[in-house]
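What follows is a set of notes on a single structure, which appears directly below.
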Amino acid sequence: MGSWVRMVAVVAAMCIAGGAVSAQSPFPSRPVHIFVPYAPGGAVDILARTLGDAVSRQWGQSVVVENRPGAGGVIASQALVTSPADGYTLILVASGHATNAFLYPKLPYDTFKDFTPISQVASSPNILLVRADSPFKTLTELIAQARAKPGSLSFGHAGTGTSTHLAGELLMSLAKIDLDAIPYKGGAPAINDLLGGQITMSFNNGPESVGQIAAGTVRALAVTTATRAAFLPDVPSMSETVPGYDTEVWWGLLGPAGMPPDLVTKLSHDFIAALNTDDVKARLEKLGASPIGSSPGAFDAKIHADYDKWGPIIKAAGIKAE
C-alpha cells in the first residue's frame, strides 16, 4: 500500500512540474510593443518598424509600434518605466534620451536607474535641409545671410534637446550666428513646415530626409558629421565650412529597469540578428543609417558618454525645454 501511495505522489509531482513548465511559454508568447517617442514618418518610427518587421519574422510573433510623441521623448519614456519588466514593452530612443535630464527641471524618471539598455541599433549624420527653391545654394551663403540679418532665419528640429536641435545650436556657436530655433514633435512635422515655407531650414536625420532629397523637394546643404556621408557623397560636411563641427544621432533600444539578465541577452541577440539580415542592412543603407548592434553594456556606456559630453554645452547655452 505504501509503495502505491508513493507512486501516486511521484506521478502527481510530475504532472505539477509539467504544468509549471508549460505555463512558462517561450518568449515572446504574445505581441511585443515598441514605443516610439516621436511622430509617425520620422527616423525613429522608420527604424522601429523596419526592425519590428524583421524580428517579428524571427519570433513568429507580431511587434506593435506605438507612437507616443511629445516633450522630447519624456511622455513615451514615462510610459515605459511604469510598464512590467517582462520584455513585452520596449522603447526605441534617439540620442536626446541622454540629454533630457539637463533640459527638464524634474523628469518623472531617472535616465539611468529606470531603464535597461538592450542595444544601440544604428547611427546617422543629421542633415541641414532647405527647400528646393530656396535662394541658399550653399552653407556659406546661408551663414552670410544670418550674419547680415541676425535672427531673420529659422530652423526646425525634432524637439528641444534632440540631436537636431543641438546640431543647430552647435552651428550657431561655431559660426557665431543667431538663428530662430523652432521645435516640433518629431522630424517629419518639421519637414512638412519646411516644405510649406513656414521655416527657412531644418535639421533632420538621414532616414526621414533621403526620400525628400531623392524626390527633389528639398536640397541638402551639409551633413553634420566631420566627413561626408557615403549615402550623400556630393553633399559637403559641415566641417568643410565650419571647422571643428561634428555631431551625429544614434538610436537604441531600452526596456524598463529590473529586466532579467537572460531576457536582456535574448532581446539584444535577437535585435542584433535582425540588424544583420540582408534586407534590414539594405534598408538602413538606403536610409542613410549605419547599423551598429552593440551589447547592453556598450550601449549603457554610450548613453553615459553623451550625458557627459552634452551636459556642459546645454548648461552653458542655457537651453531649457519649453
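Only this structure's heavy atoms are used, side chains among them; waters, hydrogens and symmetry mates stay out.
Counting heavy atoms from C-beta outward, Asp246 and Met238 have side chains that stay 4.5 Å or more apart. Taking 4.5 Å as the limit, every side-chain heavy atom of Phe35 sits out of range of all side-chain heavy atoms of Leu92. You'll find the side chain of His157 reaches within 4.5 Å of the side chain of Pro183, heavy atoms only. The side-chain heavy atoms of Ile292 and Trp251, taken from C-beta on, include no pair separated by under 4.5 Å. Looking at heavy atoms from C-beta onward, Leu253 lies out of side-chain contact with Leu267 at the 4.5 angstrom threshold. Counting heavy atoms from C-beta outward, Arg68 and Pro37 have side chains that stay 4.5 Å or more apart.
Hydrophobic clustering keeps Leu275 apart from Val93 (ILVMFWY residues linked when any side-chain heavy atoms are closer than 4.5 Å, directly or through intermediates).
Judged by distance alone, with hydrogens and angles left aside, the side-chain atoms of Thr224 form no donor-acceptor pair with the main-chain N or O of Ala167 at under 3.5 Å. Within the 3.5 Å criterion, the main-chain N or O of Gly52 finds a donor-acceptor partner in the side chain of Ser56. Using a distance-only test at 3.5 Å, with no hydrogens or angles considered, no donor-acceptor pair links the side chain of Thr89 to the main chain of Ala85. In this structure, the side chain of Ser154 engages the main chain of Thr200 through a donor-acceptor pair within 3.5 Å. Side chain of Thr99 to backbone of Gly161: a donor-acceptor contact under 3.5 angstrom is found. Side chain of Asn204 to main chain of Gly187: a donor-acceptor pair is present (N/O by atom type, distance under 3.5 Å, no hydrogens or angles). With Ser268 contributing its side chain and Ser119 its backbone, the two residues share no donor-acceptor pair below 3.5 Å. Put simply, the side chain of Arg131 never gets that close to the backbone of Val218: no donor and acceptor are under 3.5 Å apart. No donor-acceptor distance shorter than 3.5 angstrom exists from the side chain of Ser134 to the backbone of Val130, with no hydrogens or angles considered. In this structure, the side chain of Arg219 engages the main chain of Phe136 through a donor-acceptor pair within 3.5 Å.
In this view, Tyr307 and Ala101, Phe102, Phe112 satisfy the side-chain contact (heavy atoms from CB on, under 4.5 Å) rule, not counting sequence neighbours.
Side-chain atoms of Ser237 and Ser239 form a donor-acceptor pair, as typed in the model, at a separation below 3.5 Å. A donor atom on one side chain and an acceptor atom on the other are not found under 3.5 Å apart for Glu248 and Thr225. Side-chain atoms of Thr164 and Thr162 form a donor-acceptor pair, as typed in the model, at a separation below 3.5 Å. Between the side chains of Tyr88 and Ser29, at least one donor N or O sits under 3.5 Å from an acceptor N or O.
Shown are Thr247, Asp306, Asn126; of these, the side chain to side chain donor-acceptor pair (under 3.5 Å) with Ser163 is made only by Asn126.
Note that OG1 of Thr111 is 9.0 Å distant from CD1 of Ile303, once rounded to the nearest 0.5 Å. We find the CZ-CG distance between Phe27 and Leu263 to be 5.0 Å, quoted to the nearest 0.5 Å. For the atom pair CD (Gln78) and CG (Asp114), the distance works out to 10.5 Å, reported to the nearest 0.5 Å. Atom CG in Leu171 sits 6.0 Å away from atom OH in Tyr245 (nearest 0.5 Å). To the nearest 0.5 Å, the span separating CG on Leu128 from CG on Leu142 amounts to 6.5 Å.
Ion pairing between a basic and an acidic side chain is recognised when a charged N comes within 4.0 Å of a carboxylate O; Arg283 and Asp279 show no such pairing.
Taking the six-membered ring for Trp and the full ring otherwise, Phe299 and Trp250 have centroids separated by under 6.0 Å. A centroid separation of less than 6.0 Å is found between the aromatic rings of Phe115 and His97.
Counting only residues at least two apart or in different chains, side-chain hydrogen bond (donor to acceptor under 3.5 Å, both in side chains) contacts with residues 33-49 comprise His33-Glu66, Asp45-Arg49, Asp45-Asn67, Arg49-Asn67.
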